[in-house]
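Before any comments, here is the structure.
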Amino acid sequence: MRRRSSFGWMELAIGILLIILGIVAICWPQDTLKGIVMLYGVIAVLTGIVDIVFYVRFDRFTGFGPIVSLISGVLSVMVGFMLLVYPDVGARALSILFPLWFMAHCISRLAHLPFIRQEAGNGYYHFILIANIIGMALAVLMLFQPVFSYFSLGLIIGIYLILLGIDSVVLGVSNVGAG
């Protein structure tokens with residue numbers, strides 16, 4: 001049986017990349033937000049095309065295609081093009097949806113705290129606890145102040161990426177998962 005090294009190279013590399021992306025996001029927050037919207041637009045177009053191709057291929061082999069796949073594909077392509085053509089509208093929508101995702105992610109991380117304390121110790125436990133409590137407070141603030149969310153989202157994304165990067169670096173150099 002192959003043993004895992006106590007040094008997680010992949011976690012360390014991901015952590016360093018996340019820290020670099022966080023610094024870039026802090027330096028150019030509005031460009032970061034538009035870049036994320038454009039990325040979502042490209043992904044939506046590609047996903048829509050895949051759904052449409054799936055529908056066509058399935059229809060050719062069986063005589064009927066899953067109409068949900070066709071509708072989903074067309075809507076994804078339309079939304080993707082809308083995001084690519086009007087990134088400001090996408091940024092506004094993202095400023096409403098991001099706090100919900102942010103809150104769900106923080107709740108998920110807080111639910112893992114007993115395991116983290118048991119496996120990684122108190123220092124890492126307290127770091128995750130404090131980071132996610134701050135994340136919850138930011139999510140609530142963004143939900144109740146969408147204007148704050150719109151103008152600070154790039155900055156918040158940058159800070160969060162740096163925190164995730166630090167989390168990954170710490171996880172990469174710790175003995176969590178070694179066995």
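Note that the coordinates shown come from a computational prediction; the quantities given were computed from them, not determined experimentally. Count residues from 1 along the sequence.
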Would you give me the side-chain donor-acceptor pairs under 3.5 Å for residues 70-85, sequence neighbours excluded?
| from | atom 1 | to | atom 2 | distance (Å) |
| --- | --- | --- | --- | --- |
| S72 | OG | D51 | OD2 | 3.1 |
| S76 | OG | S72 | O | 2.9 |

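Note: I19 CD1 to L161 CG = 10.0 Å, rounded to the nearest 0.5 Å. Considering CG of L17 and CG of L12, their distance stands at 11.5 Å, rounded to 0.5 Å.
Hydrophobic cluster of L39: the remaining members, joined at side-chain heavy-atom separations below 4.5 Å, are I43, listed by chain and number.
With sequence neighbours excluded, the residues that form a side-chain hydrogen bond (donor to acceptor under 3.5 Å, both in side chains) with R117 are N122. Not counting sequence neighbours, Y40 has no partner by the side-chain hydrogen bond (donor to acceptor under 3.5 Å, both in side chains) test. The ring-ring contact (aromatic ring centres under 6.0 Å, His included) test applied to H126 returns no partner, not counting sequence neighbours. Partners of A139 by side-chain contact (heavy atoms from CB on, under 4.5 Å), not counting sequence neighbours, listed by chain and number: F102, M103. With sequence neighbours excluded, no residue forms a ring-ring contact (aromatic ring centres under 6.0 Å, His included) with Y125. W28 is linked by a ring-ring contact (aromatic ring centres under 6.0 Å, His included) to nothing, counting only residues two or more places apart in sequence or in another chain.
For the pair Y160 and L138, the minimum side-chain heavy-atom distance is 4.5 Å or more. A heavy-atom distance below 4.5 Å is not found between the side chains of L46 and V50. At a threshold of 4.5 Å between non-hydrogen side-chain atoms, the residues L18 and I162 do not count as touching. H112 places none of its side-chain heavy atoms less than 4.5 Å from the side chain of I128.
A pairwise comparison of heavy atoms in A131 and L163 identifies CB-CD1, 4.4 Å as the closest pair. Minimum heavy-atom separation, V37 to P87: CG1-O, 3.7 Å.
Under the salt bridge (Lys or Arg N to Asp or Glu O under 4.0 Å) criterion, the residue pairs touching residues 93-115 are R109-D167, with sequence neighbours excluded. Counting only residues at least two apart or on different chains, the salt bridge (Lys or Arg N to Asp or Glu O under 4.0 Å) pairs with a member in residues 16-38 are K34-D88. Applying the salt bridge (Lys or Arg N to Asp or Glu O under 4.0 Å) test to residues at least two apart or on different chains, none of the pairs has a partner in residues 146-157. Among pairs with a residue in residues 126-153, none fulfils salt bridge (Lys or Arg N to Asp or Glu O under 4.0 Å), at least two apart in sequence or across chains.
Of the candidates N132, I133, I134, I130 forms a side-chain contact (heavy atoms from CB on, under 4.5 Å) with just one, namely I134.
S108 places no side-chain N or O within donor-acceptor distance of the main-chain N or O of A104, the cut-off being under 3.5 Å.
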Open item on the list: Does V140 form a side chain to side chain contact (heavy atoms under 4.5 Å, CB included) with L143? I'd like the steps, not just the answer.
Closed with: CA-CA 5 Å; V140 169; L143 275 175; 5.6 Å; no
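Clustering ILVMFWY residues whenever any of their side-chain heavy atoms sit less than 4.5 angstrom apart, transitively, puts V24 in a cluster other than the one holding I16.
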